[in-house]
Amino acid sequence: MAEGGASKRMWGGRFEGSPGRALQEYTSSLPVDSRLYKQDIAGSIAHVHMLGAQKIIPAADAQALSKGLNTVRKEIDTGAFRFLPSDEDIHSAVERRLHELLGPEVAGKLHTARSRNDQVALDLRLYAREAIGDIGRAICRLQSVLLNLAQSHQATLLPAYTHLQRAQPTTLAHHLLAYVAMLQRDFDRVQDAYDRADIMPLGAGAVTATSLPIKREMVAAELGFGAISQNSMDAVSDRDFVVEIEAALALVMVHLSRLAEEIVLWATSEFDFVELPDEYATGSSLMPQKKNPDVAELVRGRTGGVFGALQAMLTTLKGLPLSYNRDLQEDKEGFFRAVDTALQSLDIMARMLSRVRFEVASMERAASDPALLATELAEYLVRKDVPFREAHEVVGRAVKRAASKKLAISSLTGEQWRSLHPAFGDDVEKLFDAHQAVTRREVPGSPGPRAIKRALLRGVLAVKRNQEWLKENTTA
Ligand code: ARG
């Protein structure tokens with residue numbers, strides 16, 4: 001049979017002519033879905049085991065098929081496998097090779113009670129479960145790096161910013177722990193998405209299942225699925241699990257991009273809060289003095305690609321009548337891109353951060369600006385029973401008075417303070433200590449030393465719980 005001949009295709013029987021080259025190229029998904037070969041073959045093996053056990057095909061054929069499928073997997077593993085231009089997708093490529101190895105008598109039985117519609121849904125769900133495991137582990141690694149840094153910087157002061165204006169002193173630990181919290185929500189989201197990905201769709205057939213006595217639970221058990229799909233029409237057309245994972249990854253990238261932006265800012269001479277490790281910075285071909293934060297910039301820059309995958313998947317789904325439509329083939333490219341980008345970005349951020357040097361002296365210098373302690377002065381008055389609004393007004397006047405003389409607010413004398421409000425005592429000077437200001441903040445969620453100790457412990461325990469869940473539900 002000539003290559004590309006109609007009867008060589010899985011659906012060739014109804015056709016007389018061969019598909020044109022242009023159609024072949026336009027419709028093929030092989031360049032994208034060939035990376036699903038392991039999942040595809042694992043799914044097929046579970047399927048033939050069940051066909052054999054249910055006596056839908058003879059046991060000897062089932063055995064030959066699973067042996068043949070293992071051979072095909074090894075061929076692809078080692079690069080010995082030859083993909084042909086007529087292979088439409090990974091499913092047809094594997095089956096075509098099986099025909100070459102086993103002959104049509106046996107190989108022709110693989111696709112019994114199955115369609116590529118439920119087959120591709122199965123492959124993608126197997127991939128999704130693995131992706132959740134990989135992403136979860138990468139999140140934990142970055143959380144651990146951040147927790148270690150926070151551990152060592154519990155007393156390192158820097159300004160906390162609002163509107164990118166210096167607001168109040170905080171600690172670097174507190175700042176980094178904010179990212180640990182974001183990443184924990186990211187972990188919770190992918191973990192939550194797992195249950196809805198963990199549903200076995202095979203047996204849905206093309207759209208209304210099959211009249212043959214298949215046993216879907218058996219396939220689900222062999223592949224370790226938590227449940228089987230409940231409606232065959234939904235099973236072949238549902239890609240909600242892709243949307244959910246992509247949405248979770250979009251937020252992962254939002255968080256990484258914000259962290260990346262801080263690194264870009266902090267590495268400027270204007271901030272001078274971090275020194276990037278040489279292995280994670282690049283130079284300029286023109287300006288010899290430059291050390292550029294390219295890794296952080298690329299994390300920020302690749303974020304849009306992940307948002308795009310989510311948008312594209314939603315758009316693909318929104319107009320589809322039930323059930324499978326070829327449009328769904330477009331689910332994979334964006335999904336793989338989103339997973340790859342998020343994984344690589346989590347990984348490189350963890351590596352870079354573990355090697356970054358914080359310029360503690362610069363941070364503390366910025367944090368020791370007395371203007372950052374204006375709130376302390378107001379709260380001092382509140383402790384002396386002055387209403388907060390009045391206290392705020394009084395301190396505002398003090399700030400103005402100091403500024404008009406181009407002085408720091410800390411240089412006002414005891415007398416001047418008392419003239420602003422009689423409640424000010426001699427101890428007001430003691431307020432101009434950023435360390436003390438941070439130490440006084442001990443309500444839950446704040447940067448005080450005891451609150452931070454608790455937050456560190458909570459973070460470590462959360463990562464431990466994450467890791468336990470990953471161990472129980474996913475394979476590394
Ligand atoms: N390559 C296809 C996809 O990714 C496989 C399913 C094809 N089904 C079909 N009826 N043509 O969606």
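Predicted model only: the values in this text are computed from it and were never measured. Along the sequence shown, residues carry numbers from 1. Just follow the structure's listing: the first ligand is 1, and inside any ligand the first atom is 1.
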A cation-pi test, strictly: NZ or CZ of [X] under 6.0 Å from the centre of the six-membered ring of [Y] and no more than 45 degrees from its axis. Yes or no?
X      : Y      : answer
Arg129 : Phe225 : yes
Arg351 : Tyr280 : no
Arg35  : Phe336 : yes

Is the closest side-chain donor-acceptor distance between Arg114 and Ser44 under 3.5 Å?
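Side chains of Arg114 and Ser44: pair found under 3.5 Å.
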Among protein heavy atoms, which sits nearest to [atom], and what does the distance come to when rounded to 0.1 Å?
atom                    : answer
atom 6 (C) of ligand 1  : Tyr324 OH, 3.4 Å
atom 9 (C) of ligand 1  : Asn117 OD1, 3.5 Å
atom 11 (N) of ligand 1 : Arg116 NH2, 3.7 Å

Heavy-atom contacts with [X] under 4.0 Å: which atoms of ligand 1 show up? List them by number with element.
X      : result
Gln329 : 1 (N), 2 (C), 3 (C), 4 (O), 12 (O)
Ser29  : 1 (N)
Asp89  : 1 (N), 2 (C), 5 (C)

* Counting only heavy atoms not in Gln467, do more than 12 sit closer than 6.0 Å to its CD atom? ->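 Buried by this count: over 12 neighbours within 6.0 Å.
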Notebook entry, point to check: Is a salt bridge present between Asp186 and Arg189, judged by a nitrogen-to-oxygen distance below 4.0 Å?
Noted result: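 Salt bridge present between Asp186 and Arg189.
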Checklist entry - Which one holds for Lys332 and ligand 1: side chain close, backbone close, both close, or neither close, with close meaning a heavy atom under 4.0 Å? => result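 It is the side chain that gets close, since no backbone atom is under 4.0 Å.
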Residue-ligand contact His91/ligand 1, heavy atom below 4.0 Å:
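For ligand 1, residue contact (heavy atoms, under 4.0 Å) with His91 is present.
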